**Student:** 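So that we are looking at the same thing, I have put the structure below in structure tokens.
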Amino acid sequence: MEKYNPTKVEKKWQKYWERKKVFKTEEKSTKKKFYCLDMFPYPSGEGLHVGHPRGYVATDTFSHFKRMRGYNVLHPMGWDAFGLPAENYAIKTGIHPKITVEENIKHFKEQLKSIGFSYDWSREINTTDEEYFKWTQWIFIKLFERGLAYEDTRPINWCPSCKTGLANEEVVNGLCDRCDFQVEKKDIRQWVLRITEYADRLLEDIGEVDWPEPIKEMQRNWIGRSEGGDVQFSVKDTEEVIEVFTTRPDTLFGATFLVLAPEHRLVKKILNREIKVDNVKEVADYEKKARKKSDLERTDLAKKKTGVEIKGVKAVNPINNEEIPIWVADYVLGFYGKGGIMSVPAHDERDYEMAEKYNLEIRRVINGGDLPYLEEGEMVNSGEFTGLCSKKGKKDVLNKLIELKKGEKTVNYKLGDWVFSRQRYWGEPIPVVHCKACGIVPLKEKDLPLKLPETEHYEPTGTGESPLAKIEEFVNTICPKCNEKAKRETNTMPQWAGSCWYYLAFIMKEESEKLEFPISRYKESFRKWLPVDLYVGGAEHAVLHLLYARFWHKFLYDIGVVSTKEPFYRLKNQGLIMGEGGIKMSKSKGNVISPDEVVENYGADVLRLYEMFLGGFEDKVAWSEKGVSGMKRFLDKINENAKKTGDSSVKDLDPLLHQTIKKATEDIESFKFNTAISSLMNLNNEMKRLDVVPKEAFTVFIKLLAPFAPHFAEEMWEKIGKEPSVFGELWPEFSEKLIKEKKINIVFQVDGKVRDTKTVFSGIDKKEMKKMALENERVKKWKIGKKIKKVVIIKDKLLNIVTE
RNA sequence: GCCCGAGUGGCGGAAUUGGUAUACGCGGCGGAUUCAAAAUCCGCUGGUGGCAACACCUUGAGAGUUCGAGUCUCUCCUCGGGCACCA
């Protein structure tokens, strides 16, 4: 009989699935729903590498599994196609990004199809389609109408290489996340989304989802909630007040100086000579130097503290009217809290360092270990509060300040509002106009989408203006409100916008092939399909896409569009795939492996099996060509077994078969695909030893294999005379009783050392075990001349004779 | 510096959660088949000692708890990942 030929067979089944619509999501169905989603790709010019499909294979395997378990599964795919590579390519070649994107998508789709994923392609979406991004614009308008999108001109992160503003989330260690260029501060007008409004809910609800703990922790840290209070220090002999935020009101008596950030409002006043001080020049010099430093330099690790005292002014501590000096130092950040701090050197590392360097007073107010002492403890040197513990002190001191009208309880967040505008071409135009009479006016629903204008000049201007600003036909328009001449907004949205709601678009496709207004027609479908039950993608989106999408979802919940608080219920991150020998795959090293070559040489099923077998799903793993061939052998051996199926008794195989069903079921459910495959290999090896493979057992085996190797499974299914498709079958159930009929090894130990083992049927009783042990020759030998102290017996496992 | 995660054969990795450590796969060795090779099949494969039966040792290092520890506790080392002047 012929050998298994993947190329021919896989094409055959792919065509069959497509023709029979085997994996199309059922629209009217009484089955329970399961929404299984991949983080959709940016269709880059390079195409897929073997790292991409790792997550896709996992969700696809899981989708098959769920279908066979009787669920109606929604498993869609789409394209996150706005972004800089296509735009940069357009600048270089003059080819419109739309064309590039179209070609890339075509290529990606061919690659995905060759692997035989069971996507419902009828729900495919593309974020750069006008019918798609009119909805992205619609959501923006809703945000604007609720005051959650606003214009601002605070200094923001600016990447001089990408020539656009960036969100905080896109800056990593002071470098642009995309191109690793050093980010600058720049004052440009921008659109900002008030994500901080949702900080508490984003924090609270993260407890309710089934996500990897590290990702949850990263979001918590990024939001960075801290509770404390604002304290007002007056500036002696002036009307000025300096407000500081502290989480430790209990250390207020230890505040021996104040420190202002160089950006502080008061420093500006001093430089403008609005407040008289003795050393303006010195302060001005320091401020100038600090301003020149990049964020990277300012927040550099282990950097020495610097600062200048502002001479001729004193601050007054509201709790005891003590007069303390005021400093300006760049270790205090202008954008966090109040831009100024009370410095408590005895109980804060940074303040301690500062005080040491400039010989400032260090006064202990909390009892405990060496200074700086950062823990809580008993308050000392604290007037009427002396003797209290920190916990109570925090409240009492704050209450006293409130009473004195010198403070209030406050909460601060590290999370900042989301800088949402980009000064680039290839993004969704922000759908508002600027009207002299009416101010900022959003477009009407019927005027969406606001299309991207055609141009031949995609280059970013670098001035903080978008390239759209040069296109007069686009800029000049009419105000939707008063019909007078007005100008369009020319910034575009960031790459993240389209991915904030795409999981909803797949659901909307159920209702209408085109995504059409109004929103109300989709609400029932949202109710039916949300939340996404399983979401799989890389961990790199922890505080970007995953935070942004949660924010938009919560907003859509508030305006009654969706009915769940969270978009993604269970999240899994796939680990990286490294090249041969654990070296990172890269074009320059020439070690990038394309799934195409694997599919060509071994077939899609081998690729799929290997991707799932090479290690724990969330672990970093190294690709090995040799390992791939192991999967090929596995399939060949199954093929051989198929040839010798026949009607024979299943009895001997039953316990192993049912154990394998159990193991595969549980392992798939918990994403342990590697051990699920191992157990299938075990069963296959066992069947191989038989002269005749019981057809019944083999049938079950093929069902278990089907989610991992769908084409091959269909072929085997047909070969043993079954009607396709195997995916119309229900997942096998296991019998706990049959598993127990298995022969097992029990272990005899003497003093904790294994001395012999014996094969018995499980369920043997303890007395019997003990008798067998005491009669065992090897056991006898080891306990000769020793008194038995006790005998430990674990049912069906082990017996340990402990001697004195 | 702080917070997670992980260290198991020559390699990728298992271990029902405290009960035979090294399942499964790769590689290696020996044999069968072959004119020969590939492929395939059968056997062996943690280390040390021993002709052997067998014994001892072994899950990053060291201690502890336990009849019994890869698994629990403490100390330390190494490698990944995240955060990093956030008051």
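Since we're looking at a predicted model, the values are computed, not measured. Chain identifiers are assigned alphabetically (A, B, ...) following the order of the sequence lines, protein sequences preceding nucleic acid strands; residue numbering begins at 1 within each chain.
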**Student:** By nearest heavy atom, map A:I677 and A:V172 onto RNA chain B; which one lands nearer the 5' end?
**Tutor:**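 Comparing both residues, the 5'-ward one is A:I677.
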
**Student:** Can you see whether A:F245 has A:K338 sitting over its ring - NZ or CZ less than 6.0 Å from the centre and within 45° of the normal?
**Tutor:**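 Not satisfied by the 6.0 Å and 45° rule.
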
**Student:** Applying a 4.0 Å non-hydrogen cut-off, can you work out what A:T675 is touching in the nucleic acid: base, sugar-phosphate, or nothing?
**Tutor:**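 Sugar-phosphate: the residue A:T675, judged by heavy atoms under 4.0 Å, touches backbone atoms but no base.
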
**Student:** Verify the distance criterion only: is there a donor paired with an acceptor across the side chains of A:T306 and A:Y286 at less than 3.5 Å?
**Tutor:**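 Side chains of A:T306 and A:Y286: pair found under 3.5 Å.
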
**Student:** Check the surroundings of atom NZ in A:K758: do more than 12 heavy atoms from other residues, nucleotides or ligands lie under 6.0 Å from it?
**Tutor:**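 Not buried by this count: 12 neighbours or fewer within 6.0 Å.
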
**Student:** Judged by modelled atom types alone, do A:T759 and A:N745 share a side-chain donor-acceptor pair under 3.5 Å?
**Tutor:**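 A:N745 and A:T759 do have a side-chain donor-acceptor pair below 3.5 Å.
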
**Student:** Regarding A:G630, tell me which of base, sugar-phosphate or nothing describes its non-hydrogen contacts under 4.0 Å with the strands shown.
**Tutor:**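 It contacts sugar-phosphate atoms only.
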
**Student:** Using every non-hydrogen atom in the two residues, find where A:I362 and A:A355 come nearest and quote the distance to one decimal.
**Tutor:**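 Heavy-atom minimum between the residues: CG1-CB, 3.8 Å.
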
**Student:** If you draw the axis of the six-membered ring of A:F671, does the NZ or CZ of A:K572 fall within 45° of it and under 6.0 Å from the ring centre?
**Tutor:**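 Pair A:K572/A:F671 counts as cation-pi.
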
**Student:** Just the rounded figure in Å: distance from C1' of B:C83 to CD of A:Q219.
**Tutor:**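 Distance, rounded to whole Å: 14 Å.
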
**Student:** Are OP1 or OP2 of B:G25 and a side-chain N or O of A:R633 less than 4.0 angstrom apart?
**Tutor:**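 No, because none of the side-chain N or O atoms of A:R633 sits under 4.0 Å from OP1 or OP2 of B:G25.
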
**Student:** Determine the Euclidean distance between corresponding C1' atoms of B:G13 and B:C4; express it in Å to zero decimal places.
**Tutor:**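 Here B:C4 and B:G13 have their C1' atoms 23 Å from each other.
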
**Student:** Given the C1' atoms of B:A21 and B:G70, what is the spacing between them in whole Å?
**Tutor:**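 About 7 Å, rounded to a whole number of Å.
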
**Student:** Does the side chain of A:K305 get closer than 4.0 angstrom to OP1 or OP2 of B:A87 through an N or O atom?
**Tutor:**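 A:K305 to B:A87 OP1/OP2: no side-chain N or O under 4.0 Å.
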
**Student:** Just by distance, with hydrogens left out, do A:E353 and A:Y358 show a side-chain donor and acceptor under 3.5 Å apart?
**Tutor:**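 The answer is no; no qualifying pair exists.
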
**Student:** Name the pairing partner of B:C76, where a pair is Watson-Crick or G-U wobble with both distances under 3.5 Å, or state none.
**Tutor:**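 Its partner is B:G60 (Watson-Crick or G-U wobble, both distances under 3.5 Å).
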
**Student:** Please report the distance, rounded to the nearest Å, between NZ in A:K663 and P in B:U17.
**Tutor:**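 Those two atoms, NZ and P, are 11 Å apart.
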
**Student:** For B:A32, what is the paired nucleotide under Watson-Crick or G-U wobble rules, both distances under 3.5 Å?
**Tutor:**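 B:A32 is paired with B:U40.
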
**Student:** How far, in whole Å, is B:U8 from B:G62 if one measures between their P atoms?
**Tutor:**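 Straight-line distance between the two P atoms is 15 Å.
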
**Student:** Partner of B:G27 by Watson-Crick or G-U wobble geometry, both contacts under 3.5 Å, or none?
**Tutor:**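 Partner of B:G27: B:U45.
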
**Student:** Using a heavy-atom cut-off of 4.0 Å across all strands, would you classify A:R689 as base, sugar-phosphate, or nothing?
**Tutor:**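 The answer is nothing, as A:R689 stays clear of every strand by at least 4.0 Å.
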
**Student:** Scan A:K414 against the nucleic acid and name what it touches under 4.0 Å (heavy atoms): base, sugar-phosphate only, or nothing.
**Tutor:**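 Result for A:K414 = base.
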
**Student:** Does B:C83 pair with anything, Watson-Crick or G-U wobble, both distances under 3.5 Å, and if so, with which nucleotide?
**Tutor:**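 Answer to the pairing question: B:G1, which forms a Watson-Crick or G-U pair with B:C83.
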
**Student:** Checking one value: the base orientation of B:U17, syn if chi is within 90 degrees of 0, otherwise anti.
**Tutor:**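 With its glycosidic angle within 90° of zero, B:U17 counts as syn.
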
**Student:** Roughly how many Å apart are B:A69 and B:G19, using the C1' atom of each and rounding to a whole number?
**Tutor:**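 Between the two C1' atoms, the distance is 10 Å.
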
**Student:** Taking pairing as Watson-Crick or G-U wobble with both contacts under 3.5 Å, can you name the mate of B:G50, or confirm there isn't one?
**Tutor:**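 Partner of B:G50: none.
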
**Student:** Please state the P separation for the pair B:G9 and B:U33 - nearest whole angstrom.
**Tutor:**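 To the nearest whole Å, 38 Å.
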
**Student:** A:F245 has a side chain; which of B:G25, B:A15, B:A87 sits nearest to it?
**Tutor:**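 Minimum distance to the A:F245 side chain belongs to B:A87.
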
**Student:** The side chain of A:L798 is closest to which nucleotide in this list: B:G19, B:C24, B:C54?
**Tutor:**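 For the A:L798 side chain, the nearest candidate turns out to be B:G19.
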
**Student:** Please report the distance, rounded to the nearest Å, between CG in A:D636 and C1' in B:C41.
**Tutor:**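 About 14 Å, once rounded to whole Å.
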
**Student:** Over all strands shown, is A:V344 touching base, sugar-phosphate only, or nothing at heavy-atom distances under 4.0 angstrom?
**Tutor:**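 Result for A:V344 = nothing.
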
**Student:** Would you measure the distance from the C1' atom in B:G81 across to the matching atom in B:C85 and give it in whole Å?
**Tutor:**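 These two C1' atoms come out 22 Å apart once rounded.
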
**Student:** B:G82, B:A87, B:C67: which one has an atom nearest the side-chain heavy atoms of A:M218?
**Tutor:**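 Between B:G82, B:A87, B:C67, the one nearest the side chain of A:M218 would be B:G82.
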
**Student:** Taking 4.0 Å as the cut-off, does a side-chain nitrogen or oxygen of A:K620 come that near to OP1 or OP2 on B:G80?
**Tutor:**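 No, no such contact exists.
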
**Student:** Sticking with atom C1', work out how far B:G60 lies from B:C56, rounded to a whole angstrom.
**Tutor:**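 Rounded to whole Å, the distance is 22 Å.
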
**Student:** Between B:A23, B:C67, B:A87, which nucleotide has the shortest distance from any of its atoms to the side chain of A:N682?
**Tutor:**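 Among B:A23, B:C67, B:A87, the one nearest the side chain of A:N682 is B:A23.
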
**Student:** Cation-pi between A:R54 and A:F617: NZ/CZ under 6.0 Å from ring centre and within 45° of the ring axis?
**Tutor:**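 Verdict for A:F617: a cation-pi partner in A:R54.
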
**Student:** Does either side chain, that of A:T803 or that of A:D751, offer a donor lying less than 3.5 Å from an acceptor on the other one?
**Tutor:**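 Result is yes, a qualifying pair exists.
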
**Student:** Are A:S629 and A:Y610 close enough that a side-chain donor and a side-chain acceptor fall under 3.5 Å?
**Tutor:**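 A:S629 vs A:Y610: no donor-acceptor pair found between side chains.
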
**Student:** Quickly work out the A:I794 CD1 to B:U66 P distance and round it to whole Å.
**Tutor:**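 Taking CD1 of A:I794 and P of B:U66, I get 17 Å after rounding.
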
**Student:** Rounded off to whole Å, could you give me the CD-to-P distance for the A:Q659 and B:C24 pair?
**Tutor:**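 Atom-to-atom, A:Q659 to B:C24, this comes out as 13 Å.
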
**Student:** With nearest nucleotides of RNA chain B determined for A:S678 and A:R248 from heavy-atom distances, which residue corresponds to the more 5′ nucleotide?
**Tutor:**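 Final value for this comparison: A:S678.
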
**Student:** Looking only at side-chain atoms of A:K626, point me to the closest of B:G12, B:G27, B:G68.
**Tutor:**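 Shortest atom-to-atom distance from the side chain points to B:G27.
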
**Student:** What's the CE-C1' distance between A:M769 and B:G19, to the nearest Å?
**Tutor:**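 My rounded result for the distance is 10 Å.
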
**Student:** Could you give the distance separating B:G18 and B:G25 at their P atoms, to the nearest angstrom?
**Tutor:**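 It works out to 28 Å between them.
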
**Student:** Given B:C24, B:C67, B:A87, identify the nucleotide with an atom nearest to the side chain of A:M681.
**Tutor:**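 When the side chain of A:M681 is considered, B:C24 is the closest of B:C24, B:C67, B:A87.
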
**Student:** Students often get this wrong, so: under 4.0 angstrom with heavy atoms, is A:Q749 touching a base, only sugar-phosphate, or nothing?
**Tutor:**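 Touches a base.
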
**Student:** Need one value for A:K789: base, sugar-phosphate or nothing, where a base atom within 4.0 Å counts as base even if backbone is also close, heavy atoms only.
**Tutor:**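 Counting heavy atoms under 4.0 Å across all strands, no contact is made by A:K789.
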
**Student:** How many Å lie between CD on A:E217 and P on B:C83, as a whole number?
**Tutor:**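 Rounded to the whole Å, the gap is 12 Å.
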
**Student:** Among B:C67, B:U20, B:A55, which is the nearest nucleotide to the side chain of A:R755?
**Tutor:**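 The answer is B:A55, which lies nearest to the side chain.
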
**Student:** Measure from the side-chain heavy atoms of A:N685 and tell me the nearest of B:A87, B:A55, B:G25.
**Tutor:**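 So the nucleotide nearest the side chain must be B:G25.
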
**Student:** With both distances kept under 3.5 Å, what pairs with B:U17, Watson-Crick or G-U wobble?
**Tutor:**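 B:U17 is paired with nothing.
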
**Student:** Using the purine O4'-C1'-N9-C4 or pyrimidine O4'-C1'-N1-C2 torsion, is B:G46 syn (within 90° of 0) or anti?
**Tutor:**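 Anti conformation for B:G46.
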
**Student:** Any idea which of B:A15, B:U20, B:U16 is nearest the A:K797 side chain?
**Tutor:**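 Closest nucleotide among those given: B:U16.
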
**Student:** Counting only side-chain nitrogens and oxygens, does A:S226 get under 4.0 Å of the OP1 or OP2 atom of B:A87?
**Tutor:**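 True: A:S226 side-chain N/O within range (under 4.0 Å) of B:A87 OP1/OP2.
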
**Student:** Please classify the nucleic acid contact of A:N674 as base, sugar-phosphate, or nothing, using heavy-atom distances under 4.0 Å.
**Tutor:**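 Sugar-phosphate, no base atom in range.
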
**Student:** Taking atom C1' of B:G5 as reference, at what distance in whole Å does atom CG of A:L576 sit?
**Tutor:**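 Result: 15 Å.
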
**Student:** Check the phosphate of B:C26 against A:W623, side-chain N and O only, distance under 4.0 Å to OP1 or OP2. Yes or no?
**Tutor:**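 For B:C26, neither OP1 nor OP2 has a side-chain N or O of A:W623 closer than 4.0 Å.
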
**Student:** Considering only B:G19, B:C26, B:U20, which nucleotide approaches the side chain of A:N745 most closely?
**Tutor:**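 From the listed options, B:U20 comes nearest.
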
**Student:** Distance check: side-chain N/O of A:K688 vs OP1/OP2 of B:C42, anything under 4.0 Å?
**Tutor:**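 Yes, such a contact exists.
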
